[in-house]
Amino acid sequence: MSSKTFSVICVYNDAEVLREYLLEGLRSQVCGHELVLVDNSRGAFTSAAAALNSGADKASGEYLVFAHQDVMMLGDDWLARAE
């Protein structure tokens, strides 16, 4: 399988929380992935669906994983096990 099977899409409004949780957990993943970040800190999107769809439009992975900014991956093999 491709090393970019997963596109992890996150709409965020707090960069510090994003760095502390989701990005920290993704950093240790053993499975390759694409990260698609959608910054909504200025309220550019009128709904969560519009923001998530924007991220999905930019994604190129076989599987789309929508994750909130405060999600921490459980273990460094979470994506590999999902695959």
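- By the criterion of side-chain heavy atoms lying less than 4.5 angstrom apart, applied directly or through intervening Ile, Leu, Val, Met, Phe, Trp or Tyr residues, F6 is not grouped with V36; the two fall into different hydrophobic clusters.
- Atom NZ of K58 and atom CG of N53 lie 11.5 Å apart (nearest 0.5 Å).
- Connection of I9 to Y12 is not established within any shared hydrophobic cluster, with ILVMFWY side chains joined at heavy-atom distances below 4.5 Å, either directly or through further cluster members.
- Both L18 and V8 belong to a single network of hydrophobic side chains, linked directly or stepwise wherever heavy atoms of I, L, V, M, F, W or Y lie under 4.5 Å apart.
- Residues Y21 and L35 do not share a hydrophobic cluster, clusters being chains of Ile/Leu/Val/Met/Phe/Trp/Tyr side chains in contact below 4.5 Å.
- Considering every non-hydrogen atom in both D77 and V30, the closest pair reads CA-CG2, 4.0 Å.
- In this structure, M73 is a member of the same hydrophobic cluster as L37, with clusters built from ILVMFWY side-chain heavy atoms closer than 4.5 Å.
- Here the SG-CH2 distance, from C31 to W78, works out to 10.0 Å after rounding to the nearest 0.5 Å.
- Taken to the nearest 0.5 Å, the CG atom of D39 stands 11.0 Å off from the OG atom of S54.
- In this structure, NE2 on H33 lies 10.0 Å from OG on S7, to the nearest 0.5 angstrom.
- Considering all non-hydrogen atoms of both residues, S28 and G25 come closest at OG-O, 3.3 Å.
- For the atom pair D76 CG and Q29 CD, the distance stands at 6.5 Å (nearest 0.5 Å).
- Ion pairing between R27 and E24 holds under the 4.0 Å rule for side-chain N and carboxylate O.
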Let's go through E34 and S60 carefully: what are the C-alpha distance in whole Å and the side-chain angles of both, what is the deciding distance for side-chain contact (heavy atoms from CB on, under 4.5 Å) to 0.1 Å, and is it a yes or a no? CA-CA 8 Å; E34 168 190 41; S60 63; 3.3 Å; yes

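- Of all the heavy atoms in A56 and F66, the pair that sits closest is CB-CZ, 4.1 Å.
- Using modelled atom types, one side-chain atom of N40 and one backbone atom of A44 make a donor-acceptor pair closer than 3.5 Å.
- Between the side chains of T5 and E62, no donor N or O sits under 3.5 Å from an acceptor N or O.
- Heavy atoms from other residues, nucleotides or ligands lying under 6.0 Å from CZ of R42 number 12 at most.
- At a cut-off of 3.5 Å, with distance as the only test, no side-chain donor of Q69 or D14 sits close to an acceptor on the other residue.
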